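As a basis for the values below, the full set of heavy atoms in this structure was taken, side chains included, without hydrogen atoms, waters or symmetry mates. Please read all numbers here as calculations on a predicted model, not as lab measurements.
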Amino acid sequence: MSIFGLLAFTNLNGLKAQDAPAPAEAAPATEQVDEQTADSAAPAEAINAEEAEVETVAAAPAKKDTFHQVLKKKFIEGGAGWMTPVLLCLILGLALVIERILYLNMSSTNVTKLLNGIEDNVKNGNYEGAKELCRNTRGPVASIFYQGLDRIDTGLENVEKSITSYGGVQMARLEANMTWIAMFIALAPSFGFLGTTVGMVGAFDAIEAAGDISPTVVAGGMKVALLTTIFGLIVAIILQIFYNYLLTKIESLVSDMEEGSISFMDILVKYHK
């Protein structure tokens, strides 16, 4: 009996030991909970990162348009029908200005150097050498001197008349196309004011149709009116600046022609026999 009792007690303790949880199996369960917590935290961190990126993009300043883009936008808003004539005035006017600038710069002459060369040749009686010097020198002054030397055999009176006549021809060449530039200076703001008038009429038509005076009704017509005026005035100002520069250049060349002609006649009177 004692032996049977001892065996039963031993079996009972073995069953209790099997039913008790093993300490080694508790650690994996804890690790699984930590992994689940980390997995749930990862999407939250990703969401926070995305929100921070969106806030950074929203906080970044908007990119400003370049001057070319702004000009193109305002040109379209002003209406191609009224802005195109203003643009053509600018293009054609600048083309004529560039042509005049090139011509006038090529017409500039070192009058003092030319007169010294002519005097050296005339003093020695070498009129052909003086004429050759004038042919090889560009500019209206040299052309006038050549016309005078070409008529030296007919007398100084005829030389003076030829210088005066040919000087008028050269002045007309210097002033060529200046009237066209002046016309574009006048046309550009005229087209702008015409667009302004049409825009105002459109604004009043919109007010009449809506039966109400509100900013949204008149804004479109007023914008067209203001933009066409602004662009027309800008074109006129640009062309006017170049026009005044060209006038100054022409006056300088004409002054050189007149002073050079007087000195040229003094040389002929002094050395011509």
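- Residues Ala236 and Pro189 approach most closely at CB-CD, 3.6 Å, considering heavy atoms.
- There is no path of hydrophobic side-chain contacts, each under 4.5 Å, that joins Ile237 to Leu88.
- Thr228 places a side-chain heavy atom less than 4.5 Å from the side chain of Met83.
- Asn121 has its side chain out of reach of Glu132: every pair of non-hydrogen atoms, C-beta onward, lies at least 4.5 Å apart.
- Annotation: side chain to side chain donor-acceptor pair (under 3.5 Å) contacts of Asp120 (sequence neighbours excluded): none.
- In this structure, CE on Met257 lies 3.5 Å from CD1 on Ile144, to the nearest 0.5 angstrom.
- Taking the side-chain contact (heavy atoms from CB on, under 4.5 Å) definition, one finds that Leu94 meets it with Leu90, Ile238, Leu239, Phe242, sequence neighbours left out.
- Among residue pairs with one or both ends in residues 132-156, those qualifying as ring pair (Phe, Tyr, Trp, His ring centres under 6.0 Å) are Phe145-Phe264; sequence neighbours excluded.
- Taking the side chain as every heavy atom from C-beta outward, Thr109 and Asp256 never approach each other to under 4.5 Å.
- Put simply, CD1 on Ile118 and NZ on Lys123 are 13.5 Å apart, with the number rounded to the nearest 0.5 Å.
- Leu104 and Ile98 end up in different hydrophobic clusters when Ile, Leu, Val, Met, Phe, Trp and Tyr side chains are linked at under 4.5 Å.
- Atom NZ of Lys131 sits about 13.0 Å away from atom CG of Asn136, to the nearest 0.5 Å.
- Of all heavy-atom pairs between Gly192 and Val86, the closest is N-CG2, 4.3 Å.
- Cluster annotation: Val122 is connected to Val269 through the hydrophobic network of ILVMFWY side chains, with a link wherever side-chain heavy atoms come within less than 4.5 Å.
- Annotation: side-chain contact (heavy atoms from CB on, under 4.5 Å) contacts of Tyr103 (sequence neighbours excluded): Glu99, Arg100, Ser107, Arg173, Leu174.
- With sequence neighbours excluded, the residues forming a side chain to side chain donor-acceptor pair (under 3.5 Å) with Tyr166 are Gln170, listed by chain and number.
- At a threshold of 4.5 Å between side-chain heavy atoms, the hydrophobic network of Ile, Leu, Val, Met, Phe, Trp and Tyr places Ile241 and Ile181 in two separate groups.
- Between Asn244 and Gln240, the closest side-chain pair of non-hydrogen atoms falls below 4.5 Å.
- Under a 3.5 Å cut-off, the side chain of Ser263 and the backbone N or O of Gly260 do not form any donor-acceptor pair.
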Legend entry - Derivation and outcome, side-chain contact (heavy atoms from CB on, under 4.5 Å), residues Ile101 and Tyr245: CA-CA 9 Å; Ile101 290 175; Tyr245 166 76; 4.0 Å; yes
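- With a 4.5 Å cut-off on side-chain heavy atoms, Ser108 and Lys249 count as touching.
- Looking only at side-chain heavy atoms (C-beta outward), Leu187 and Met183 come within less than 4.5 Å of each other.
- In terms of hydrophobic clustering, with Ile, Leu, Val, Met, Phe, Trp and Tyr side chains grouped at heavy-atom distances under 4.5 Å, Trp180 and Met178 are assigned to a common cluster.
- In this structure, CD1 in Ile267 is found 5.0 Å from CG in Leu115, a value given to the nearest 0.5 Å.
- In this structure, the separation between OG1 on Thr229 and CZ on Phe191 is 13.5 Å, given to the nearest 0.5 Å.
- Summarising the local packing, CD of Glu160 is surrounded by 12 or fewer heavy atoms from other residues, nucleotides or ligands at distances under 6.0 Å.
- Contact of the Val235 side chain with the Phe184 side chain is not registered, since no non-hydrogen atoms from C-beta on lie closer than 4.5 Å.
- Leu149 has its side chain within reach of Leu268: a pair of non-hydrogen atoms, C-beta onward, lies under 4.5 Å apart.
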Legend entry - Chi angles and distances behind the side-chain contact (heavy atoms from CB on, under 4.5 Å) call for Phe193, Leu233: CA-CA 9 Å; Phe193 292 139; Leu233 292 175; 4.2 Å; yes
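- Residues meeting the side chain to side chain donor-acceptor pair (under 3.5 Å) test with Glu251, sequence neighbours left out: none.
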